[in-house]
Amino acid sequence: MSGTHKEFDSDQLNKVLLQLCKQLERAWKLEDILLAYAPVAIEVLGYPHVWLAIFNQKPGILSVINHLSSGQETDTSRMIQSVDIPIEGDRMLEEIMDAEHIVIVEDARTDPRTNKDMVALIQNRTIINAPLILAEQKLGALGMGTYGDEEGVRPPQPWQLEFMQAMAGHIAVALDRVKFMRARQDAEDALHASVEFANSLIQAMQDGFSVLNPDGVQTEVNPAFCLMTGFSREELLGCRAPFPYWPEEEITNLQATYSAITEGNFSERELVFMRKNGERFPITMNPSAVKNKEGNITTFIATVKDISERKAAENVIKFQATHDELTGLGNRRAFEQILGHLFAQTRLKNQQHVLCYLDLDEFKVINDTCGHAAGDELLRQVALKFSSVLRAEDHLCRIGGDEFGMILHHQDVDQALHIAERLQQQLASFRFQWLDRSFAVGVSIGMVVLNEQSESVGVLLQSADSACYVAKDAGRGRIHVYASDDPALAQRYGVMEWVSRIENALSENLFALYGQKILSINGANTGRLHCEFLLRMQDGHGGIIAPGAFMPAVERYHLAARVDRWVVSHALAWMCVHQEDMELCSINLSGQSLSDKNFLDFVNTEISNSGLDCEKICFEITETAAIANIELAQDFMQELSARGCRFSLDDFGSGLSSFAYLRNLDVDILKIDGQFVCDIDSNPINLAMVKSIHEIAGLMGKKTVAEFVENQAVLKILKDLGIHYAQGYAIAYPIPVDQLLSVQTTSIQTFA
């Protein structure tokens, strides 16, 4: 392939990316990732030389796996399937390891960064490496380029660079998942190795020894054999088959073995013997024969090993390898083995089963607030509840954390839905008690049909997981059945496509800071700015993207801490310029940022560098995030409060235990959840909720902010209730921060 590759339009590229996402969802090995994107690099981008570089597998080494190519490559380059390259001293590799952008070498022969020996060996020309970065972790790089003189020098066009960046975002997610699965497989292999080690120790024990003459008469036994069976030497000598250590129920099998040995079959066998006291025990027998010079057998010899301990150890290890120690249920390994067996059966028989993923709701809250002991006990009790609903032929396994897998044998979707609803009913009537606390527990369930049309075990597992994710995302406590044309699942794939756009916005500074003013409705207005900072994204064409489009991907793919760093840095920089005109500005933080051990250090450094008066800074945390990370939230608030920063608890009232947790959180302001505020002029229950929250906040010395204030009638009621501040479209719309100081806010006199 030579010359300039044809350019694809955006619709074509989006379709290619979507197809790539679907293939990457099925990637279980590094080679699968390479094979997924290689055709795209070759057919869409026009680069025949494709590779995948993995960082940090070996110290000081860049591991490049499976060079794939088509074209005029050399015999040497064709043979190279994987190679480890030392990084030190190689300028190009050092740049790739440090880069957060695509590294381009237009001509490897002349570029001073390249290793000319390696270039001559492989005959590279243009080399392109796109970094694979996920949650600030540099995982590797996807590479592509051209060969030799025929392919020549062909640097990428702008549309190709943009497409490579998008592709790299998806591949980084897949690479992270594959590395996790490989680590899990290594752990399982280590467990199997321990079985073999245990067996080798047992094999070293002293063996029993038994001798028979050609007529089958026992002529000798050693002390170990006597100790093993409980019979004395005198009791055994002269005996013929059936021997006294043969159990009655095993005589047919043992007689066949005995006959095979006397006919010259000396292979090792596992059998069952009986002690004198009637106890049965497993043994291994290694028979052999002594022949005279004429070749006739004069003696039969057998070494006998009592393998009771080995069998017991194997059974324990096999149980541990396939069972969850906490609940006694099968583990993920057992689950996948059962699923694989049923999948194979559907290839031969017309069978149908239903595979379900179950994810507990609110488990993290219980685990984090009451401790791991409470979380473990909850899992044990829930496992018993689930098991009580299932039939004997069904399978329930704990496949990790608070996730369970369920296989309903010979069931259709309607029958499976009935069972799933019974499971949810069991939990609905269940209250988990821990010390003086009581918790409600729910479960989200995703299910997929297993039949002859199922594509593979991997696809089944991914489909069930995706359906469970959709069920949980729809409000929890839901059941979702997988379908290939499901718009909810298509939306999930759409969420994944935002990853590369978010990465690009971070690297190219395409986020935008907006602000929404907050009005004091029961106090003197100082005339200075009181607002909340809000995040938007620029689309690159002059348009603005609302957070509802990209924030699900930010949260799902753990990019929130990086996005929050951008917001904190830019918000403090803006405040520093305008601090004389400010009263208080709120910066939203996610639960993921609270969980990031380095984020607090980052905030402290940014505040110190800004020189801002900390009393003008308010950090806003949602109630659910604070409760889910309560210990980290307490530490975060305590340290920054000591500097003078204030804290606001957003969406207050949305949780089931809002007031119970409030006394444990050092917050200055409660933002009453807008779902209660927006209709207090027509909903007496919500009015009572708002009034109750304000009164309790007042008793605790905290200020209140009402969100979603959208009309003057609601604003008037809030003033009568004594609410301190109001925020919403009736006050001001969100606008770019640079316009905040030039736009007037609704005056309290408009409704007084």
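Computed from a predicted model, the values in this text were never measured in an experiment. All residue numbers refer to positions in the sequence shown, counting from 1.
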Name of the residue among Met575, His530, Glu620 meeting side-chain contact (heavy atoms from CB on, under 4.5 Å) with Cys585
Met575
Glu100 meets the side chain to side chain donor-acceptor pair (under 3.5 Å) criterion, sequence neighbours left out, with none
Among residues at least two apart in sequence or on other chains, which ones pass side chain to side chain donor-acceptor pair (under 3.5 Å) with Gln579?
none
Counting only heavy atoms from other residues, nucleotides and ligands, does the tally under 6.0 Å from CG of Leu699 exceed 12?
yes
Tell me whether Glu162 at atom CD has more than 12 heavy atoms from other residues, nucleotides or ligands lying less than 6.0 Å away.
no
Would Ser590 and Asp564 count as having a side-chain donor-acceptor pair, cut-off 3.5 Å?
yes
Would you tell me whether Asp668 and Ser648 have side-chain atoms, one donor and one acceptor, within less than 3.5 Å of each other?
no
Return the set of residues passing side-chain contact (heavy atoms from CB on, under 4.5 Å) with Leu384 (not counting sequence neighbours), or none when no residue passes.
none
Validation row, ring centre Trp566 to ring centre His570 under 6.0 Å
yes
ring-ring contact (aromatic ring centres under 6.0 Å, His included): pairs with one or both residues in residues 360-386, sequence neighbours excluded
Phe386-Phe404
Pairs meeting criterion ring-ring contact (aromatic ring centres under 6.0 Å, His included) with involvement of residues 631-650, two or more places apart:
Phe619-Phe647
Could you work out, with ring-ring contact (aromatic ring centres under 6.0 Å, His included) as the rule, every residue matching His418, not counting sequence neighbours?
none
